Amino acid sequence: MKDRNFLDTVMEFEQQLEAMQVQFGALKQFVALMMEEHKALETENDHLRARLDELVAKEETVQVAAVKKTSPLDIGEGYDNLARLYHEGFHVCHVHFGSLRKGEDCLFCLSFLNKQNV
Ligand SMILES: [Zn+2]
């Protein structure tokens, strides 16, 4: 009776070991999956960072070019562009710049354009 009990215990232990092996296999698969995903995210992150650097550099180039372009000779052209933008229905004042005027005149815009015109 005692021996029978012992055999049961050993068999039960074997079953537990088998179950643990299955669990361990699943855990290994999960870790492998996580590592793959981590690698993919890292690569994507690197790409996005490079792209961002590219865009920032481009933006800075454009800004430098814009600053260079704003020589005294070009002020008239800048004014024309702003005036055209205003007549197309957009704010050019610093308060609402770029938003739609919805057909109403804006005192900020007008005073800004008047100042530029002098
Ligand atoms: Zn305005």
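Whatever order the structure lists them in is the order used to number ligands and atoms, beginning at 1. Predicted model only: the values in this text are computed from it and were never measured.
- L100 and V95 fall into different hydrophobic clusters, defined by Ile, Leu, Val, Met, Phe, Trp and Tyr side-chain heavy atoms under 4.5 Å apart, directly or through other members.
- Hydrophobic clustering (ILVMFWY, side-chain heavy atoms < 4.5 Å, transitive): F97 and F90 are in one cluster.
- Proximity of R84 to N81: side-chain heavy atoms (C-beta onward) are separated by under 4.5 Å at one or more points.
- Annotation: protein N, O or S atoms under 2.8 Å of the Zn ion (ligand 1) (waters excluded) comprise H91 ND1, C93 SG, C106 SG, C109 SG.
- Contacts of H87 classified as ring-ring contact (aromatic ring centres under 6.0 Å, His included), with partners at least two apart in sequence or in another chain: none.
- When hydrophobic clusters are built by joining Ile, Leu, Val, Met, Phe, Trp and Tyr residues whose side-chain heavy atoms come closer than 4.5 Å, directly or via intermediates, L110 is not grouped with F108.
- Rounding to the nearest 0.5 Å gives a distance of 11.0 Å between CE of M35 and CD of E42.
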